[in-house]
Amino acid sequence: MAARYCITTPIYYVNALPHIGTALTTLAADVTARYQSMQGREVFFLTGTDENGTKVKEAALAAGKPPQEFVDSIAGRFSDIWHGMDIQYDDFIRTTEPRHVHAVQEFFKLLQEKGHIYKGLYEGWYDVSSETFYREADLVDGKSPDGNEVRWVQEENYFFRMSGFAEPLLRHIQAHPKFIIPESRKNEVVAFINQGLRDICVSRHNPGWGIPVPGDETQVVYVWFDALINYVAAAGWPAAGWQDRWPADVQWMGKDILTRFHATLWPAMLMGAGLPLPTSLVGHAWMLMGGEKISKSKGNVVAPLDLAAELAERSGCDPKIAVDAVRYYMAATLPFDTDSTFTPDDFDRRYNSDLANDLGNALNRSLAMSHKFTGGKIPGGAVEPDAATAISAAIAAAEKAMTEFRIDHAAEAAWSLVRFLNKYIDTRAPWALAKNQDPSLPAVIRSMLACLRATEGLVHPILPNTSAAIATQLGLEPISLWSQIGKEGSLTEGTKLSEPRPIFPRLELHKPVVSKAERKETKSEKSMATPETLKPAQSTHSAEIHSEIGIDDFAKVQLKVGRVLEAEAIEGSDKLLRLQVMIGPEKRQIVAGIRNNYQPIDLIGRQVIVLTNLKAVKLRGVESQGMLLAATDAEGGAILLQPDQEAPEGTQVR
RNA sequence: CGCGGGGUGGAGCAGUCUGGUAGCUCGUCGGGCUCAUAACCCGGAGGUCAAAGGUUCGAAUCCUUUCCCCGCACCCA
């Protein structure tokens with residue numbers, strides 16, 4: 001019976017579809033899964049979607065669909081995208097499935113029985129306008145720190161005794177150096193726990209969507225508590241046999257959800273329930289777009305399948321190979337400790353230099369020479385020593401990388417072999433050997449093919465389609481086991497080689513070199529972001545939610561023309577400006593988050609469109625009696641709307 | 001003083017824990033080869049390792065201080 005190896009990704013929230021930033025985690029998990037599978041282990045690779053949470057209900061409502069139907073369609077699109085990227089997961093769990101709901105409720109009950117969950121009175125001074133609770137000590141003259149009225153409220157909720165787990169957690173982290181990876185994240189987690197862990201409220205008032213607390217229908221389980229349990233729910237827990245799929249050997253995730261959730265709350269929950277902890281938690285860094293975090297609101301989302309389709313079209317490569325190219329880029333530049341940046345130019349460059357020039361061309365020239373010099377068949381004999389050394393060094397480096405979860409280093413290891421091959425060919429110059437009828441020619445050709453065969457195996461976890469294409473061109477069955485890589489027996493003497501055909505056609509690069517000074521300039525002109533940066537952002541896969549309203553609904557909105565009289569920055573805030581706006585005879589104070597694009601001086605005297613019948617609210621302690629209408633630029637900044645020509649102040653906008 | 005990450009040739013990064021000739025990929029310039037997808041190979045130029053001070057025989061690396069960039073949090077009505 002083969003040793004098992006369990007891998008998880010987080011379950012994705014269904015409010016947006018994956019882009020190359022979020023898909024990174026799933027790709028890393030897939031590469032790990034394929035590698036472990038090659039090692040002969042029985043792999044269980046779990047992913048899924050998080051469908052509870054009140055925002056889902058709201059989004060469904062906005063889309064005019066029943067929540068379940070809405071969620072079904074999004075979950076389906078997730079699995080379509082994963083399939084398109086050749087992600088081979090073994091199970092896809094959805095938090096609306098009965099097996100998950102059941103596990104969550106059982107887990108909750110178990111923790112209750114063990115005394116780790118208690119019902120507590122959540123009480124305190126509540127500031128209604130800012131929806132925040134304050135302690136007695138926080139109040140200033142009987143009001144909130146912002147100066148709002150507060151009232152005493154009591155709410156019953158369930159609490160998880162996380163405070164008791166700080167010591168056990170620290171001990172576990174100490175005793176298991178590979179529990180939290182990378183090191184920098186581990187330090188962060190330790191620092192976080194040392195600050196002290198507080199009991200955490202694990203239920204909310206039931207909004208009609210979510211998992212009810214067992215025995216108390218008025219409450220639903222807190223979404224994070226709920227979500228984390230998916231890992232054991234998918235293993236079948238609490239039914240017998242869950243040990244086959246839990247604990248996970250590795251749980252991949254982005255660094256943002258490591259510290260607070262996976263490295264503290266989650267292990268504390270498991271300890272409380274008496275369940276084993278995962279072996280490793282890996283929190284990779286982010287892939288940024290043009291130096292910023294990829295996010296839907298900034299409009300800089302790049303969908304992996306769009307990127308692949310576009311590449312296939314531009315380069316003429318096979319669509320499956322284009323998917324590999326995207327996988328390669330993501331794997332080879334996988335941000336581990338520190339964030340990296342995606343740019344379309346960088347993607348193109350890596351495609352050309354690494355895939356087309358290095359790997360593709362090495363395969364192509366090697367096959368061409370085999371046909372020309374040794375009759376198109378794999379010669380027998382031994383691989384030359386330096387080639388054999390290079391092969392085993394690459395295998396060792398790739399193995400080390402994989403055990404450290406450094407997917408990027410694993411790619412680098414494979415490429416070190418490809419680079420060796422290109423050097424080797426030039427050094428040994430088979431064309432010269434052929435001319436001189438040198439007897440070492442067959443051994444050199446065999447050595448070249450051996451490098452390619454080993455490369456095929458090494459890149460298999462990252463580039464499954466490319467790997468298969470290499471095997472096909474070599475006329476061999478694909479390598480399926482890691483232990484076969486580099487073995488003489490994997491290169492059968494006399495095998496007929498296919499005609500060489502470029503796997504990765506080169507891309508024609510138009511691209512101008514952008515100097516640092518030029519780039520800076522572009523950046524300072526906010527709305528002038530470079531066109532090529534924006535282009536791929538127009539994702540055809542984005543999960544925009546459309547809903548229709550009637551004219552009556554619109555009539556509820558009162559918009560008027562106003563003129564800015566005064567403007568000043570609000571201290572302690574990056575974005576907020578305090579504006580005094582004349583709307584007809586009336587003067588209003590409005591707070592607007594537009595400072596990234598507008599200085600106070602730019603605004604004075606300017607006409608703006610104001611939403612006037614919006615409930616007043618305090619922002620950073622300053623009351624705002626309305627809202628300015630603005631569009632959003634590529635970087636999430638505001639672009640103010642203004643009448644096409646001067647309009648009388650107070651004019652109704654329709 | 002909210003928390004955290006980072007500043008290394010034109011670009012992207014490694015090296016920092018465990019001080020000892022500054023390394024890799026891309027770009028650039030020159031040369032070579034002709035098997036190959038104008039691909040490949042070799043060589044050169046280009047760095048006061050953000051700044052200052054300190055420890056040391058010796059600092060990118062250790063200590064102190066400062067400056068700058070970026071996330072998160074707050075906040076975008």
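Predicted, not measured: the structure shown is a model, and the values here were computed from it. In the text below, chain A, chain B and the rest are named by the order of the sequence lines, each starting its count at 1. Hydrogens, waters and symmetry mates play no part in the numbers below; they use all other heavy atoms, side chains included.
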field: Under 4.0 Å protein heavy-atom contacts per nucleotide of nucleotides 1-9 of chain B, with B for base, S for backbone only and - for none
entry: ---SSS---
Side chains of residues 466-474 of chain A: which donor-acceptor partners sit under 3.5 Å, not counting sequence neighbours?
| residue | atom | partner | partner atom | Å |
| --- | --- | --- | --- | --- |
| T466(A) | OG1 | D324(A) | OD2 | 2.7 |
| S467(A) | OG | E456(A) | O | 2.9 |
| T472(A) | OG1 | A468(A) | O | 2.9 |
| Q473(A) | NE2 | R501(A) | O | 2.8 |

Counting any heavy atom closer than 4.0 Å, what does [X] reach on the DNA or RNA strands: base, sugar-phosphate only, or nothing?
X	result
I503(A)	base
D358(A)	sugar-phosphate
A356(A)	base
F192(A)	nothing

task: Can you run through RNA chain B from 5' to 3' and write each base as (, ), [, ], | or . depending on how it pairs? Watson-Crick or G-U wobble, both distances under 3.5 Å.
output: .(((((((.[[[[.)....(..]]]].(((((.......))))).....[[[[[..)....]]]]])))))).....
- prompt: Do we see a donor-acceptor contact under 3.5 Å between the side chains of Y329(A) and D346(A)?
  reply: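 Yes, D346(A) and Y329(A) have a side-chain donor paired with an acceptor closer than 3.5 Å.
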query: Have T343(A) and D345(A) got a donor and an acceptor in their side chains that come within less than 3.5 Å?
result: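 Per modelled atom types, T343(A) and D345(A) side chains form no pair under 3.5 Å.
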With [X] via side chain to side chain contact (heavy atoms under 4.5 Å, CB included) - residues at least two apart:
X	result
A410(A)	A401(A), M402(A)
K255(A)	R185(A), A285(A), W286(A), D339(A)
K178(A)	I181(A), S280(A)

Distance test, side-chain N/O of N352(A) to OP1/OP2 of A39(B), below 4.0 Å: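 No, because none of the side-chain N or O atoms of N352(A) sits under 4.0 Å from OP1 or OP2 of A39(B).
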field: Distance below 4.0 Å between K423(A) side-chain N/O and C40(B) OP1 or OP2
entry: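 The answer is no; no side-chain N or O of K423(A) sits under 4.0 Å from OP1 or OP2.
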Just jot down the side chain to side chain donor-acceptor pair (under 3.5 Å) partners of [X], sequence neighbours excluded, or say none.
X	value
E566(A)	none
D386(A)	none
T455(A)	none

field: RNA chain B contacts made by residues 426-452 of chain A, counting heavy atoms under 4.0 Å
entry: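 Contacting residues: D426(A), W431(A).
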- prompt: In residues 396-418 of chain A, which residues come under 4.0 Å of RNA chain B by heavy atom?
  reply: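 Heavy-atom contacts with RNA chain B come from no residue of residues 396-418 of chain A; none.
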- prompt: When the nearest nucleotide of RNA chain B is assigned to A592(A) and to N364(A) on a heavy-atom basis, which residue is associated with the more 5' position?
  reply: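 Its nucleotide being nearer the 5' end, the pick is N364(A).
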- prompt: Tell me, which pairs form a side-chain hydrogen bond (donor to acceptor under 3.5 Å, both in side chains) where one or both residues lie in residues 366-375 of chain A, sequence neighbours left out?
  reply: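 Sorted pair list comes back empty.
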